[in-house]
Each structure stands twice: as C-alpha cells, then as structure tokens.
Amino acid sequence: MLERAARRRRFLKFLASSPLLACGVPEWLAGFADAADAQSDLPKRASIATPNEALNVFDFEPVARQTLPPAHFGYLATGVDDDATLRANREGFSRFQIRTRRLVDVSKVDTSTELFGTTWKTPIVLAPVAAQKAFHPDGEVAAARAAGAKGHLLILSTATTVSVEEVTAARGGPVWYQLYPTDTWRITQALVKRAETAGCPVLVLTVDLPAGRNTETQSRFEKEDTRQCSSCHQPGWQGYLRRKRMFDGLDLTGVSLFSPGLTWDFVRRLKDTTKMKLVLKGLETREDAELAAQYGVDGIIVSNHGGRAQESGRGTIECLSEVVDAVRGKMPVLVDSGFRRGTDIFKALALGAKAVCIGRPYGWGLAAFGQPGVEKVLELLTRELELMMRHAGATSLVKLTRSFVVDLRHG
Ligand code: FNR
C-alpha cells in the first residue's frame, strides 16, 4: 500500500515537471504533486458546485477547465515554451520561509496599503487580464463589480473586451489602465487620452512582451478545440483588435500591439504625454529599476507576465528584493506572477512589495462562477493573508518587514 502510494507520488511529480505534458494543466497538476510532497493521499482539489464550497483558490481551476472551451482554457493556463517560468514562479516561494513572533496582540490586523495617495483596505490587486469575455459573458464587468464590492484595486488591460468607461462604472471608482505600447504612436496616444479622460489615475506600461511569445500549451489546447472559431477570431492584429473596445473608432491599418523598438525614450515620451502616474510592469532587475528611477517612473510591478512572456528562469519573488533595494523607497514596488496563497502574499509584502497582483486565480473564479467566483477568490486570499499576519504577529503591513522572512539561499 505504502509502496503504491510512493509510486503514485513519483509518477505525479514526474508528470507535473514533464515538458511532454505541456498540454496538461500546470497548476492543478502541480497541485497534485504538492499533495504528493505532503505525503498524503487525501484529495487536495475539491470538486465544487458553488463558490462558497471552495477551500482555496486552486479549487476554481478544475471548474474553469470544465466550463471553458479548450482553447479559452488554454489561453488562461498557458506559459511559454516548456512552462518553466510558470513553475519557477511557484517554486520560488519555497526559497523563503516565514519567521513568526509570538505573544503579540493580534486581535486586530490592518491589511491596508497606500498607493499614490489612495489607501486600499487590501494589498491584493486584480492584474490586467485581457479578453475576459472569453472566460465569462460578463467579462471585465464581473471582475470590476467584484473588485468594487470587496474594495480592491483593478488594473484594466489594453485588450479589454469592455470599455474603460463601463469598467470604471462597474468598479464604482477609478481603475488603473494597462498600456501595451503598440507600434503606432497615434494609437498609443489615443488609448492614453481615453484612459485619462475616463479618470484613470495611473498608467501601467507593460514592457515584457516586446516581440511575440511561444505559447505552446495554448496551441495544444487549441488543437483539442473542435468548434468553428472564425466568427470571433479573425486573422491578424486587426482582427484581434477589432473585438477590443478600446480600439473602437481607430484606424488600425498596420497596427500591432508588439513594439520591438521600445526603449527608455518611449518612457520619457509617455511621461511627457500624460498627467497620469506611470508604472512599469515587467521589470525584474536592479539595473532596470535604477533606470526607472532615473527616468522619473512613478512605480514598478515586478512581473514576468505570470510566466507567459519568456522562459527567464527566475520566479518573481526571487527578483523582488533587488528591485526594492534599487529604488530605495523612491517609488512603490508591486509584484505578481504565481501568487496563490496568503503566505505567498505575506512573503512579498515582507520583502518590501506595497501590493501583490493576481491574474489566473481570478480568471478561474470568473470562468467558474462569474462575479461571485471572483469575489470568493479575493475573499479567500484576504482571509489567508490575515491569518498569516496573525500567526506571525505582524499587525499591519507597515510592521511587516524583512525580519519576518528567511531567504534559504542566504540564511
Ligand atoms: C495576462 N497578463 C496580462 N498582462 C498585461 O500587462 N496585459 C494583459 O493584457 C494581460 N493579459 C493576460 C491574460 C491572461 C489570460 C493572463 C493569465 C495574464 C498578465 C497578468 O497581468 C499578470 O502579470 C499575471 O497573470 C500574473 O500571474 P498569475 O497570477 O496569473 O500567475
């Protein structure tokens, strides 16, 4: 019996790490391997019929998989190449352990954080996720309503299927706007102007996708999809952008979202163009963080696009400290990619992040149950974070310093 369990554990771990199974479902498969690591044969991923049955955010992923057409689930799940960065994001958290303090009055914990003069009651942010109507008919409106109901900041993607005006109304307050630079300045300018007019206080420029990517997991899922997709998906960038509401009324001839010629000059030009605060999303290194400070950038999101851009080898939690140190408190540093547990969030906040963004977890919640699914995902993560703060004796984010984590590589 024990031998059979051990064999099963070895097999699951092999499957979870095998590039041959790039078409599998990385997170839940990895989850089973985690279960194997925990030396337990108990089921770790429940099958849930309502959001309230979920014990943790992973419980939403199998439901999303069952609910979505394969190609759409593949788009949500995919990493790039062998999905190594995707796994590195999760594995990175095990490099850090938590140091807890005892006999602290933790009857109240304060999770609020301040970003550009606005205080948010929680540091958990909804990351920009494109094309949300591919996951649920209500798309970005459902996510925005959930963010509004629970008091979370939301960053809206350039490739949103709902306009910034509608999303702002659904959120019940301003959202941050994420910008793909595009290769055409007149289009970029129009997007920036529209976001500014809609009341977005912050522009988030994504810089980690300059020239395409190799999403093999997505391609494998697409092959499983037997539906006729041409009514929604027309060829080329023009076909793609025509379904994205922020491009309505714009002449899209020759336009691409990728911008291989992007340099720091563009950052300067953007700063000169808008009154919005400018945050760069997708930096990972000390050198770039220092340059960001020199170029007057207002904030950084340490991100590798959830392992969807390139196989960089490092998880973002491993990149965070060098970026935080490089900016020396001159600007807020946020982080995303692979955050699934309150303990993950706790570690990032202790390492100096002001907030943590999540992508796929709320995509799973949205696909599975719409707005209530997103709300439950946010609630679970918040509850886990608060619990961890209580365990550790960290009663507020201000008090949550590096002394609460041990970096196993440096002791
Ligand atoms: C994204 N992400 C993303 N980022 C961005 O700057 N603009 C975008 O339009 C999108 N679109 C998008 C679609 C989907 C389906 C996913 C899953 C992700 C990346 C996103 O903002 C964030 O960096 C990651 O999702 C964070 O990693 P996790 O939480 O998904 O592991």
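In listed order, ligands and their atoms are each counted from 1. Values below: every heavy atom of this structure, side chains too, minus hydrogens, waters and symmetry copies.
Taking the charged nitrogens against the carboxylate oxygens, E91 and R314 have no contact shorter than 4.0 Å, which rules out a salt bridge. Classification of D225 and R227 as a salt-bridged pair holds, one side-chain N sitting under 4.0 Å from a carboxylate O. Under 4.0 Å is where a charged nitrogen must lie from a carboxylate oxygen, and between D344 and R341 no such pair does.
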From CA spacing to verdict: side-chain hydrogen bond (donor to acceptor under 3.5 Å, both in side chains), S403, T401: CA-CA 5 Å; S403 65; T401 60; 2.9 Å; yes
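Heavy-atom neighbours of K277 NZ from other residues, nucleotides or ligands within 6.0 Å: at or below the threshold of 12.
Protein residues with a heavy atom closer than 4.0 Å to ligand 1 are Y75, L76, A127, P128, V129, A130, F135, S157, Q178, Y180, T206, K281, S303, H305, G306, R308, D336, S337, G338, R340, I358, G359, R360, P361, listed by chain and number.
With F135 as the aromatic partner, K133 does not meet the cation-pi criteria of under 6.0 angstrom to the ring centre and within 45 degrees of the ring axis.
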